[in-house]
Amino acid sequence: MIFYFSGTGNTLYVAKKLSEKLNQPLVSIADAMKRENFVYELKTAEPIIWVFPIYSWALPKMVTEFIKKVVFNDYHSNYVTAVITCGANIGNAMTQLEQIIGKIRFSNGNLGTLNSGFTVVMPSNYMIMGDVEPPEVQSEMLLRVEQRLEVVSTKIENRVSNTFDVEKGRFPHLRTDVIGKFFNKYALDASPFWVQETCIGCEICYKVCNSGTIVMNEGKPFWNKGCVQCLACINYCPVKAIQYGKKTSQKGRYHHPDIKVEEMFRV
Ligand SMILES: Cc1cc2nc3c(=O)[nH]c(=O)nc-3n(C[C@H](O)[C@H](O)[C@H](O)COP(=O)(O)O)c2cc1C
């Protein structure tokens with residue numbers, strides 16, 4: 001069973017490819033959170049595969065909250081793995097995930113274990129600091145993803161254990177335990193989002209919002225509380241009318257080219 005979270009399609013692309021290669025069903029974490037679907041039935045040899053993007057070298061808040069709430073019926077010490085998509089590296093986030101999973105107590109008395117973990121480097125969607133890559137670099141990165149997914153899916157199929165094939169970057173503890181914690185505590189602020197006059201009222205931002213933060217009022221979006229900074233709204237706006245503070249008007253936008261916007265709709 002593949003549980004995925006995705007803001008701009010990279011992770012959905014990876015989750016779909018793994019679903020095809022490993023013949024596993026897909027579950028959207030954002031939909032499950034919204035519908036409060038926390039109980040899942042597992043078959044005996046079924047793997048549990050967590051697939052999500054990295055946010056400031058840490059887990060997206062919604063992913064952490066979901067893993068803490070999920071309940072698996074018929075747990076048979078199933079194989080557990082994670083595939084984290086990132087623009088460059090994830091710091092110590094795999095260890096952070098291991099700790100969260102380690103606290104899950106299952107019906108048979110076992111504690112959760114993370115058997116393996118992988119990173120897949122993909123184009124960055126984070127233009128709030130820095131910028132997205134130029135299109136030709138994005139294309140090269142997306143080509144490399146195909147080879148990477150072959151390697152990752154074969155390892156998962158073979159149920160490799162104690163294997164953490166991960167881009168950590170330099171100073172992983174500092175990145176995850178200091179900057180990542182700070183981000184999740186203080187930076188999940190939707191108030192800097194604003195919309196220009198050029199907004200066409202298409203409601204795409206409202207439909208792709210993973211957290212139900214955006215409401216439409218007289219044809220324009222407004223950002224409430226609960227934003228997880230997935231940046232789906234700003235990246236999917238077809239007329240680039242959404243900005244975050246003062247710095248994003250000159251920056252690029254990105255979403256995965258092979259994922260249709262409708263696949264990202266949450267409402
Ligand atoms: C809020 C935020 C923070 C990010 N932080 C990191 C980071 O610390 N390291 C990194 O390599 N990529 C970072 N990224 C880039 C994404 O992890 C990457 O582009 C990912 O594949 C996006 O997946 P998605 O398209 O499924 O949303 C960040 C993106 C966002 C939106």
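For ligands, and for the atoms within them, numbers begin at 1 and follow the listed sequence. In this text, all values refer to a predicted model and were calculated from it rather than measured experimentally.
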**Study point:** Lys/Arg N to Asp/Glu carboxylate O, Lys69 vs Glu36, below 4.0 Å
**Key:** no
Review point. Under 4.0 Å between a Lys/Arg side-chain N and an Asp/Glu carboxylate O for Lys225 and Asp189?
Key: no
Check your understanding: Quick one: side-chain hydrogen bond (donor to acceptor under 3.5 Å, both in side chains) partners of Asn184, sequence neighbours excluded?
Key -> none
Review point. Is there a donor in the side chain of Ser19 and an acceptor in the side chain of Tyr4, or the other way round, less than 3.5 Å apart?
Key: no
Revision key, fill the gap. Contact set, ligand 1, heavy-atom distance under 4.0 Å, ordered by chain/number, equals Ser6, Gly7, Thr8, Gly9, Asn10, Thr11, Pro53, Ile54, Tyr55, Ser56, Trp57, Thr85, Cys86, Gly87, Ala88, Asn89, Pro123, Ser124, Asn125, Tyr126, Phe183, Gln229, Leu231
Review point. Residues two or more places apart in sequence or in another chain: which of them pass salt bridge (charged side-chain N to carboxylate O under 4.0 Å, His left out) with Lys16?
Key: Glu263
Point to revise | Counterpart residues, salt bridge (charged side-chain N to carboxylate O under 4.0 Å, His left out), relative to Arg253 (two or more places apart) | key: none
